[in-house]
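Scroll down for the structure; my scribbles are underneath it.
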There are 2 protein chains.
Amino acid sequence: MAEHPTFPAEPVPEELPADELLYELADLFRVFGDSTRIKILYALHDRELCVQDIANLLALSQSAVSHQLRVLKDSKLVRFRREGKTVFYALDDDHVRSILSMGMDHLEE
Amino acid sequence: MAEHPTFPAEPVPEELPADELLYELADLFRVFGDSTRIKILYALHDRELCVQDIANLLALSQSAVSHQLRVLKDSKLVRFRREGKTVFYALDDDHVRSILSMGMDHLEE
DNA sequence: TTTATATATGAACGATTGTTCATGTGTTCA
DNA sequence: TGAACACATGAACAATCGTTCATATATAAA
């Protein structure tokens, strides 16, 4: 590395996680990085909702919601169950709530 | 949705956080949603580094690193201190490490 | 089957993003 | 001063993204 005075004794050279893992991590956070998806996740924070309910609640088109739900589903952030013609979506697990909560904590500093 | 009574006997979890807050949250996660920035954050996980060291370590141009450090700085994810001609960057606080860690946990499910 | 309803999806378009290249700013030392 | 070094920044371009629109699929009821 470059030559410059290092004041504290520097610990062992740290290694980064594998590149592939870092790409996956960025991909995951990118999913959280859109306000429509964030709104959908918060709408599902404490209950399950069907597609049209989400669209009505957030004043979005059915198509836009459906497209974004697919993204959320692919990232395993939401799960769904079909009941007749209706499909209900819910947060996949508490992990999702934790990530949202951590982000909120950072904003409130 | 439901109208809330004057004295709610139960918590009202169905309410979404204010729109502005949700936009800020999405903006925050968007910063984590790029592999270059994720790599920089991990490079700084346990030490401070100057710009050129980051560029060398991650095989990136000085300009690209500098641009991304500005994004990270604007989001309060990194802090910096100047020492002569050199500028050292470090993670701003443990919060950043927590968010990274939460994301990794989700991937490892 | 036919019709109605709920959801999913493909194409396309405008908007945003991350990089490179060139240059500007700030600091040190001769 | 002036040269050299470390870093920051503006413009521009390709690539990616989220929406709309049109249409497809799936289920239920008639």
Side-chain angles (χ1 to χ4, degrees), chain A residues 1-7 19 22-44 48-75 77-90, chain B residues 19 22-44 48-90:
Chain A
M1 293 213 184
E3 312 159 19
H4 49 250
T6 50
F7 275 57
D19 251 49
L22 295 178
Y23 281 111
E24 287 176 27
L25 189 59
D27 286 344
L28 174 65
F29 283 124
R30 188 181 302 119
V31 176
F32 285 91
D34 172 75
S35 62
T36 297
R37 289 190 290 265
I38 284 284
K39 286 178 186 179
I40 292 174
L41 291 174
Y42 263 102
L44 299 175
E48 59 177 15
L49 288 175
C50 70
V51 178
Q52 193 54 59
D53 281 353
I54 297 171
N56 292 339
L57 184 66
L58 305 179
L60 296 167
S61 73
Q62 177 267 316
S63 180
V65 172
S66 211
H67 276 296
Q68 299 300 6
L69 283 170
R70 186 165 54 81
V71 175
L72 293 168
K73 194 171 56 180
D74 288 349
S75 300
L77 300 183
V78 301
R79 57 186 158 76
F80 66 99
R81 68 182 178 85
R82 182 176 269 277
E83 191 173 304
K85 286 176 290 189
T86 307
V87 178
F88 289 96
Y89 283 84
Chain B
D19 250 50
L22 296 178
Y23 281 111
E24 286 176 28
L25 189 59
D27 285 345
L28 174 65
F29 283 124
R30 188 181 302 120
V31 176
F32 285 91
D34 172 75
S35 62
T36 297
R37 289 191 290 264
I38 284 284
K39 286 178 186 179
I40 292 175
L41 291 175
Y42 263 101
L44 299 175
E48 60 176 15
L49 289 175
C50 71
V51 178
Q52 194 54 59
D53 281 354
I54 297 171
N56 292 338
L57 185 66
L58 305 179
L60 296 166
S61 73
Q62 177 266 316
S63 179
V65 171
S66 211
H67 276 296
Q68 299 300 4
L69 283 170
R70 186 165 53 80
V71 175
L72 293 168
K73 195 171 54 180
D74 289 348
S75 301
K76 305 256 200 332
L77 300 184
V78 301
R79 56 187 158 75
F80 66 99
R81 69 183 178 85
R82 169 157 236 143
E83 190 172 307
K85 285 177 291 189
T86 307
V87 178
F88 290 94
Y89 282 84

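In what follows, chains carry the letters A, B, and so on, assigned in the order in which the sequence lines appear, proteins first and then strands, with residues in each chain numbered from 1. Everything numeric here is computed off the predicted structure, so don't read it as measured data.
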**Comparing A/Leu60 and B/Phe80 on DNA chain D - which has the more 5′ nearest nucleotide** = B/Phe80

**Prompt:** Which residues pass the salt bridge (Lys or Arg N to Asp or Glu O under 4.0 Å) test with A/Asp34, sequence neighbours left out?
**Reply:** none

**Item:** By side-chain contact (heavy atoms from CB on, under 4.5 Å) - contacts of A/Ala26 (at least two apart)
**Value:** B/Ser35, B/Ile38

**Request:** May I have the distance from A/Phe29 (atom CZ) to D/dC17 (atom C1'), rounded to whole angstrom?
**Result:** 19 Å

**Asked** Which of parallel (below 30°), tilted (30 to 60°) and perpendicular (above 60°) describes A/Phe29 and B/Phe29?
**Response** parallel

**Prompt:** If you round to the nearest 0.5 Å, how far is CZ of A/Arg37 from CG of A/Leu77?
**Reply:** 9.5 Å

**Complete:** Axis-to-axis angle for the helix from C/dT1-D/dA30 to C/dA30-D/dT1, ends of five pairs each, to 10°, equals 20°

**Message:** Whole angstroms only, please: what is the CZ-P distance between A/Phe32 and D/dG18?
**Reply:** 14 Å

**Message:** According to ring-ring contact (aromatic ring centres under 6.0 Å, His included), who are the partners of A/Phe88, at least two apart in sequence or on a separate chain?
**Reply:** none

**Request:** Please round to the nearest 0.5 Å and tell me the distance separating atom CG of A/Leu72 and atom OG1 of A/Thr36.
**Result:** 10.0 Å

**Message:** As an exercise, state the distance from CD1 of B/Ile54 to CG of B/Leu44, rounded to the nearest 0.5 Å.
**Reply:** 4.5 Å

**B/Asp34 CG - D/dT16 P separation (whole Å)** = 12 Å

**Request:** For A/Asn56, check side-chain hydrogen bond (donor to acceptor under 3.5 Å, both in side chains) against everything at least two apart and list the hits.
**Result:** A/Gln52

**Message:** Quick check on contacts: within residues 67-76 of chain B, what sits under 4.0 Å from DNA chain D by heavy-atom distance?
**Reply:** B/His67, B/Arg70

**Asked** So what does A/Phe88 hit on the nucleic acid, given a heavy-atom distance under 4.0 Å: a base, only sugar-phosphate, or nothing?
**Response** nothing

Only pairs under 3.5 Å count here: list side-chain donor-acceptor contacts from residues 80-87 of chain A, not counting sequence neighbours, and write none if there are none.
from	atom 1	to	atom 2	distance (Å)
A/Arg81	NE	A/Glu48	OE1	3.2
A/Arg81	NE	A/Glu48	OE2	3.1
A/Arg81	NH1	A/Glu83	OE1	2.6
A/Arg81	NH2	A/Glu48	OE2	2.4
A/Arg81	NH2	A/Glu83	OE1	3.3
A/Arg82	NH1	A/Gly84	O	3.2

**Message:** Could you work out, with salt bridge (Lys or Arg N to Asp or Glu O under 4.0 Å) as the rule, every residue matching B/Arg30, not counting sequence neighbours?
**Reply:** B/Asp27

**Message:** Reading DNA chain C from 5' to 3', where do the contacts with chain A start and stop? Cut-off is 4.0 Å to heavy atoms.
**Reply:** C/dT5 to C/dG10

**Message:** Within the 4.0 Å limit for protein heavy atoms, which parts of nucleotides 22-29 of chain D are touched? Write it as a string from 5' to 3', B for base, S for sugar-phosphate only, - for none.
**Reply:** B----BS-

**Request:** Look at all strands and tell whether A/Thr86 reaches a base, only sugar-phosphate, or nothing, counting heavy atoms closer than 4.0 Å.
**Result:** sugar-phosphate

**Asked** What residues form a side-chain contact (heavy atoms from CB on, under 4.5 Å) with B/Val51, not counting sequence neighbours?
**Response** B/Gln62, B/Val65, B/Leu69, B/Tyr89

**Item:** Min side-chain heavy-atom separation A/Ile40-A/Leu49 under 4.5 Å
**Value:** no

**Request:** Go through the structure and list residues passing side-chain hydrogen bond (donor to acceptor under 3.5 Å, both in side chains) with A/Glu24, not counting sequence neighbours.
**Result:** none

